[in-house]
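First the structure, in the form of structure tokens, and then the observations on it.
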Amino acid sequence: MALAYSNIELSIRRVIVKEIEKRNYREKEPFEVLIATYNKLFDAVSELRHEILLLTIQNEKLRQESLQNGQGLCEGNKAPEKSSILEQKIYSLQEELTNLHRRKGEHAQQIVDLTSKLQETEKNLSLKESLLNEAETTIIVLKDEKKQLEISLSEIEGGNQVLRDEHQALQIAYASIEEKLKILHFENIALVERLMAYKAHDAEILNKENEHFVKIKQAQMQKELEEAASEVKVVSTDRILFETPLLSTSIPTKVHSKFEAHEGEVNALQFNAAGRMLASGGGDRKIKLWDVGQNSCSLRGSLTGSNAGITSVEFDPNGAMILAASNDFATRVWTVEDQRLRHTLTGHSGKVLAARFMGDTSMVVTGSHDRTLKIWDLRSRACISTKFAGSSCNDLVTIDGVQILSGHFDKKIRFWDQRSESSHNEILLQGKVTSLDLSRDRNFLLACVRDDSLVTIDLRMNQKICNTFTDDEFHVGCDWNRAAFSSSGEYVSVGSSDGTVFIFNTATSVVEQRLKEHSSAVIAVAWHPSDYALASCDKTKRVVIWTDGGYN
């Protein structure tokens, strides 16, 4: 490498020497011609001066001789002619000398100009030499950088080669895995088909078992009726707890019964109109029906068919059917008597968070996370109307099968008419609406709000907010926390994130009772139709039924 650098330096020096020689030749040649011309002129001027001097001396001699010897008139006439010739010659020589002086001045000026030009050229040359030195230094630095870059390039090329090899290996592995994936995909399709066939077979078996169970139950009822014809049946006061239609003025304060209802969190609760049955929906994809007894609750049956967790449950007014919304984007209807799945309503593109009967059992309205509400006709099993709310619907209620009230993620309650495409009124609250509930007289709407409050709205007075319920210890546990009116409308209840159930007085807006039994956030509450009991559920499988303690 040192030898290469020395060769480069020699070549640069040679180039510099050649350039200097060219410059000397280019700038010296005009001066040489000028100096030679000047020397010739100077010699000519010297010769002319010498000739003038000789002629002057000779002329002076001739005048003196003519004066001293007194020569004749003829000779006197010849001398002046010769003198005049000499004077003319002297005059011409003087003019020539003057021209030579003038040319000498011009040449001197040219010498000054060329000298200044030479100095300027020397400055430019020195500048170029300094630039050349800098360029040589830059060349040396760039050569070092080039060497380093060549080393880095070789390393990168080696790394690229390794990456190419790895990429080829990965491509081969990917092709193999893709082939396996195709095989597994076809196997999965086959397994799904087999699974569907097994499910259909299981459903047929379950339906047969249900039919058998119904027959046995009908036979048992027939037998009980026959026995009742000969005996007088006494009804205990404990049973009256859940069968009387009268409304209670007392507040539930004690635990009547508690049990683990599902394998996961319990999301929804509701009593049937008679108050003898409690339905619960959970994250284990099941709806369970519970017979409410005098000391405990017994499982009456499980409704299956959902492919994801249940988000809401509702009995029809007659208690013959149960409607449930699910996280699998569908809504389903079962008959309670034989516990068979009757309808599956699909069409939403997000999880369904609320579902309600509209007046009778032939119409259903659903609200979904996909920001729409859909109205379904169960006779045709088809969606007959879709309403675009613009925000996720967390809960909804219906009035007289015509008006729909929906609570949304964007903090608004929207009022819809079944026959219109858009909402005709909106109420903006201070937080996301997690649930809605109507009083029995349909005059008041209860909304649970994510800002840790409950509000009641008077539907008779242009949807005016009339009461707000808050407490320092009350905190909403999730976006689908369900609050409920008591049947009498005197109280509202809601669960808190710390496991406490709060009961507020609607007249005074103060907390009447705090019920503490749950160890995790309470998701939903449901009042017994007679208000003797209150059911609550939480995120850890548990359902608790509370009473006033007078019938234990």
Side-chain angles (χ1 to χ4, degrees), residues 4-143:
Y5 285 162
S6 63
N7 291 333
I8 293 171
E9 291 177 359
L10 289 173
S11 61
I12 292 171
R13 290 179 184 277
R14 290 170 184 169
V15 170
I16 293 171
V17 170
K18 287 181 180 179
E19 290 295 325
I20 291 172
E21 290 176 352
K22 289 180 181 179
R23 183 201 67 183
N24 290 339
Y25 176 77
R26 185 173 56 254
E27 296 177 356
K28 182 180 177 183
E29 183 178 3
F31 287 100
E32 287 180 350
V33 174
L34 184 62
I35 290 168
T37 305
Y38 178 78
N39 291 333
K40 288 179 180 179
L41 290 173
F42 186 79
D43 294 340
V45 168
S46 298
E47 290 178 358
L48 288 173
R49 282 179 180 175
H50 183 68
E51 288 181 1
I52 291 170
L53 182 59
L54 293 176
L55 290 172
T56 303
I57 293 168
Q58 187 177 3
N59 187 25
E60 190 66 26
K61 285 180 179 182
L62 289 172
R63 284 180 180 177
Q64 291 177 0
E65 287 178 358
S66 61
L67 292 175
Q68 291 176 1
N69 297 326
Q71 292 179 355
L73 181 61
C74 182
E75 290 179 357
N77 291 332
K78 291 181 180 178
E81 290 178 1
K82 187 176 182 180
S83 178
S84 63
I85 293 169
L86 290 175
E87 286 177 358
Q88 290 178 359
K89 188 175 182 181
I90 290 169
Y91 180 74
S92 64
L93 290 174
Q94 285 178 349
E95 286 182 352
E96 187 176 358
L97 179 61
T98 303
N99 291 332
L100 289 175
H101 279 297
R102 186 177 61 254
R103 290 180 64 185
K104 178 183 177 182
E106 291 176 357
H107 290 163
Q109 185 62 38
Q110 288 181 1
I111 289 170
V112 172
D113 294 339
L114 291 174
T115 303
S116 63
K117 188 175 179 181
L118 177 62
Q119 291 175 353
E120 185 178 356
T121 306
E122 287 178 349
K123 290 180 181 179
N124 293 333
L125 180 61
S126 62
L127 179 62
K128 290 181 180 179
E129 286 177 350
S130 63
L131 292 174
L132 183 61
N133 293 330
E134 292 177 0
E136 289 177 355
T137 306
T138 305
I139 289 170
I140 294 171
V141 174
L142 291 175
K143 284 179 179 178

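Heavy atoms only: backbone and side chains are in, while hydrogens, waters and symmetry mates are out. From a predicted model like this one, the values you see are computed outputs, not experimental measurements.
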Inset, instruction - Mind checking the CD-CG spacing from E106 to N99? Nearest 0.5 Å is all I need. - result: 9.5 Å
Inset, instruction - Any chance you could measure L118, atom CG, to D113, atom CG, to the nearest 0.5 Å? - result: 12.5 Å
Inset, instruction - Could you give me the CA-CA distance, side-chain angles and deciding distance for K123 and L127, then say whether side-chain contact (heavy atoms from CB on, under 4.5 Å) is met? - result: CA-CA 6 Å; K123 290 180 181 179; L127 179 62; over 6 Å; no
Legend entry - Distance, nearest 0.5 Å, that separates CD of Q110 from CZ of R103: 10.0 Å
Inset, instruction - Using only heavy-atom distances, determine whether the side chains of E120 and N124 contain a donor-acceptor pair under 3.5 Å. - result: no
Inset, instruction - Assess whether atom CD of E95 is packed by more than 12 heavy atoms of other residues, nucleotides or ligands within 6.0 Å. - result: yes
Legend entry - Test item: I20 and I16 side chains (from C-beta on) under 4.5 Å apart, heavy atoms: yes
Inset, instruction - Working to the nearest 0.5 Å, report the span between OG1 of T98 and OH of Y91. - result: 8.5 Å
Inset, instruction - Kindly compute the distance separating CG (L93) from CD1 (I52), expressed to the nearest 0.5 Å. - result: 4.5 Å
Legend entry - Residue pair I111 / T115: nearest heavy atoms and the distance that separates them: O-OG1, 2.6 Å
Inset, instruction - To the nearest 0.5 angstrom, please state how far the OG atom of S126 sits from the CG atom of L132. - result: 12.5 Å
